[in-house]
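Some notes on the structure that comes next.
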Amino acid sequence: MPIIKLPDGSNIEFQKKVTGLEVAEKISKSLAKQALIISVDGELKDLTHVIEKNSSVKIITHKDSDGLDAIRHDTTHIMAMAVQELFPGTKLAIGPAIKDGFYYDFSRKEPFTPIDLEKIEKKMKEIVEKDQPTRKEVWERKETKDHYKKLGEKYKVELVDSIPAGNEISIYYHGKWYDLCRGPHLLSTGKISKHFKLTKVAGAYWRGDSNNEMLQRIYGTSWPTQKELDDYLKRIEEAEKRDHRKLGKEMDLFHFREESPGAVFWHEKGWILFQRLIEYMRMKQRFAGYKEINTPEILDRSLWEKSGHWEKFGEHMYTSETPDDKIFAIKPMNCPGCVQVFNQGLKSYRDLPLKLSEFGKVHRYEPSGALHGLLRVRAFTQDDAHIFCTEDQITQESLTVTNLILKIYKDLGFENVILKYSDRPEKRVGEDSVWDKSEAALLSAIKQSKLEYTINKGEGAFYGPKIEFVLRDAIGRDWQCGTLQVDLNLPGRLGASYVDKDGTKKVPVMLHRALFGSLERFIGILIENYAGKLPFWLAPTQVVILPITEENNDYVKNLFEDLFKEGIKCEVDLRNQKINYKIREHSLAKVPMILVCGKKEVSESTVTVRRLGSEKQETFKREELIKNILTSNKLPLN
RNA sequence: GCCCCUUUAGCUCAUUUGGUAGAGCAACUGAUUUGUAAUCAGUAGGUGGUCUGUUCGAAUCGGACAAGGGGCACCA
């Protein structure tokens, strides 16, 4: 007779085999009420699942992430049920729970409209109200396939085929409707409650393969309570308010236009921000021993053929033909140019590691559907560098790069960083022994950094393993930014060499490294992270000075000159407007500091300060204030 | 690139079923000299994304293209 071990360590002994629900009831009535599914020895099961032997059981409620997933999985079944009722002939593909919600992929000729979504939602609520019981049946493989073949549900047939031999094939019924599904599911359709919402329709390839048919995917979200649903919708709204495309327009930082899709037209304010970021990085890299170079944007085809880009990267490259019938490529990467700088003149082992940095503008022909504001563009500036070193130096140099990246992210307000490590892919160049060495070197650097990391097996570049740096922003979103790649290939292809101790020529290892990846992209991330309220040192307009009346204009202009001379990005607003009007306008423009000078300030040689996000007014002596401002304006070079 | 949607004044949006476009904010002019999130009045502003078809007549209906948006694929 089964002895059930509970998560708190206690045991309950039953006289006969029991269902999950009976276990929950034995623990408490309220738990049984809240129970959604159970976990038996780590496997998720229905509440109706019969436990026959001793096992560890956990009753799962909506407070567990597995419980939330179960609710969403049920909701997507109910959606599919509603869709098939309303739109007979619609075929089903798959419908899993995902982060914050669920989707189901359908195959149907006519597109679903927003009005259809409303109808589906209404129908779903009816289904929930009917509270139809869930029932599981186990079918034979062949019977299942024949059944779905007859119905013309070709995706279900494919799914049956992909279930490993020996696994049971389960069908879940909700009332009369049923679906092929591994489960588990809640006891009845009423269990999910009505706190769901269908959010959007989108195209999606069957099995994520662009060679397959495009299905219609309906996304939705589902929560245990109305409050959680409202909170989620609010969160989405907040994220929309931070959208860098919207803020970029409002703050007059940049724009895009038809003539050059995916390329940024930087306005004065955006360009100031861009330059300031570069200024910071320059200082940071100079301290770290980098030498900044700059290489041509357009290079002859032969170089790209030698480097392998022409073959491997050609479809993403812009090319141009000149009147003398030569073909040039606009660089999509900086590395070949950088290697040419290395190649110029004789290099000795004493020169290594040699770190050459470049703020290089690259162009890549990205698929049109991939473009997205500043985050995915066709022309962008990499904060690139290539470190030429020996194999023995890989670990140390990788660690140094990692530490530099972490420090920089921290300076810019990002404390949460995780790493993604990718090792050798199937298609690769170089000896396995060298791969062993470079992988070990990179991994050792990661371990020494003590950061959380995930391993992406086989996702490395063809020339070497890589690390990607992912940072988490203020509202919990992850962004992939920096990258560090070990390259045992390009230097050789492009004929790089150095003279070693023994007088022989050797080929150096090259580390590719980008801190933010793309400055354009990073600025987009910065804007969203700070919701446009950039830190003082980065703000394109740092200070606006407002006179109360015309009488204070001279004082204000004089103060402006003092700040301007010190390099503060400062403006005066002498317009004939009320102070309320100006405060509102400059606050909305996200100027970090507003200075107000009226009769009182002029007579006392003081300035009243209002900082963005605060209604507090503070009055300072003029000299003291200037000193404070200069301190805030320093680059964060810790 | 693929599926769906969108495109009207500088910005945000309106114009029921086809009868050549309106508002708020911004801009400009004038008045107002103002103490911490919108002072008042007036003026001007549009080949309705582009091309094309249907029609006596198209912002409105059809088609093509482009850009943008949401996803998918892609991100070397």
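Naming: A, B, ... by sequence-line order, numbering from 1 per chain.
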Within less than 4.0 Å of OP1 or OP2 of B:C74, is there a side-chain N or O belonging to A:His316? no
Please tell me if A:Arg245 has a side-chain N or O lying less than 4.0 Å from either OP1 or OP2 of B:G69. yes
Watson-Crick or G-U wobble partner for B:A14, using a 3.5 Å limit on both distances? none
Compute both the distance and the angle, then confirm whether A:Arg108 meets the cation-pi test with A:Phe87: under 6.0 Å from the six-membered ring centre, within 45 degrees of the axis. yes
Which base, if any, makes a Watson-Crick or G-U wobble pair with B:A27, both distances under 3.5 Å? B:U43
Taking atom P of B:C3 as reference, at what distance in whole Å does atom OH of A:Tyr104 sit? 23 Å
Taking any heavy-atom pair under 4.0 Å as a contact, classify A:Ala204: base, sugar-phosphate, or nothing. sugar-phosphate
Rounded to whole Å, the OH-P distance (A:Tyr555 to B:G35) equals 19 Å
Has A:Arg72 got its NZ or CZ under 6.0 Å from the middle of the six-membered ring of A:Phe102, at an angle within 45 degrees of the ring axis? no
Among B:A66, B:U39, B:A73, which nucleotide has an atom closest to any side-chain atom of A:Ala370? B:A73
Name the closest nucleotide to the A:Asn580 side chain, picking from B:A66, B:C72, B:A37. B:A37
Base, sugar-phosphate or nothing for A:Pro367? Non-hydrogen atoms, less than 4.0 Å. base
Within 45° cone and under 6.0 Å: A:Arg622 NZ/CZ vs A:Tyr555 ring: yes
From B:A73, B:U36, B:G71, pick the nucleotide closest to the side chain of A:Tyr219? B:G71
Report the distance from atom CD1 of A:Ile218 to atom P of B:C4, rounded to the nearest whole Å. 14 Å
Establish whether the base of B:G1 is bridged to the side chain of A:Tyr205 by a donor-acceptor pair shorter than 3.5 Å. yes
Classify the side chain of A:Arg376 and the base of B:C74 as holding, or not holding, a donor-acceptor pair under 3.5 Å. yes
On a plain distance test, is the side chain of A:Glu601 in donor-acceptor contact with the base of B:G35 below 3.5 Å? yes
Roughly, in whole Å, what's the span from CG in A:Leu198 to P in B:C4? 20 Å
Partner of B:C75 by Watson-Crick or G-U wobble geometry, both contacts under 3.5 Å, or none? none
Looking at A:Phe516, I'd like to know if the NZ or CZ of A:Arg521 sits under 6.0 Å from its six-membered ring centre while staying within 45 degrees of the ring's axis. no
Same-atom distance (P) from B:C40 to B:U47, integer angstrom: 31 Å
Within less than 4.0 Å of OP1 or OP2 of B:A38, is there a side-chain N or O belonging to A:Gln577? no
Closest to the A:Lys200 side chain, choosing from B:A73, B:G71, B:A38: B:G71
Among A:Asp562, A:Leu563, A:Ile626, exactly one meets side-chain contact (heavy atoms from CB on, under 4.5 Å) together with A:Ile568. Which residue is that? A:Leu563
To the nearest Å, how far apart are A:Arg217 CZ and B:C4 P? 16 Å
Among B:G35, B:A37, B:A73, the one nearest A:Arg584 by side-chain distance: B:A37
Less than 4.5 Å apart, side chain to side chain, heavy atoms only: is that true for A:Ile594 and A:Arg611? no
May I have the distance from A:Leu588 (atom CG) to B:A26 (atom P), rounded to whole angstrom? 11 Å
Under a 3.5 Å cut-off for both contacts, is B:A9 paired Watson-Crick or G-U wobble with anything, and if yes, with which nucleotide? none
Within the pair A:Lys582 and B:A38, is there a side-chain N or O less than 4.0 Å away from OP1 or OP2? no
Sugar-phosphate, base or nothing in reach of A:Phe112, heavy atoms under 4.0 Å: nothing
Atom-pair distance (CD1 on A:Ile579; P on B:U33), nearest Å: 16 Å
Heavy atoms under 4.0 Å, any strand shown: does A:Tyr581 hit a base, just sugar-phosphate, or nothing? sugar-phosphate
Should the side chain of A:Glu550 and the base of B:U33 be counted as holding a donor-acceptor pair, with the cut-off at 3.5 Å? yes
Taking atom C1' in both B:C3 and B:G10, compute the distance separating them and give it to the nearest angstrom. 34 Å
Examine B:A37: is either OP1 or OP2 under 4.0 Å from a nitrogen or oxygen in the side chain of A:Arg610? Give yes or no. yes
Could you tell me whether A:Arg217 sits above the aromatic face of A:Phe106, with NZ or CZ closer than 6.0 angstrom to the six-membered ring centre and within 45 degrees of the axis? no
Would you indicate, yes or no, if B:G1 has its OP1 or OP2 atom less than 4.0 angstrom from a side-chain nitrogen or oxygen of A:Ser368? yes
Answer with base, sugar-phosphate or nothing: what part of the nucleic acid does A:Thr608 contact at a heavy-atom distance below 4.0 Å? base
With a 3.5 Å cut-off and heavy atoms only, can you find an N or O donor on one side and an acceptor on the other between the side chain of A:Arg207 and the base of B:A73? no
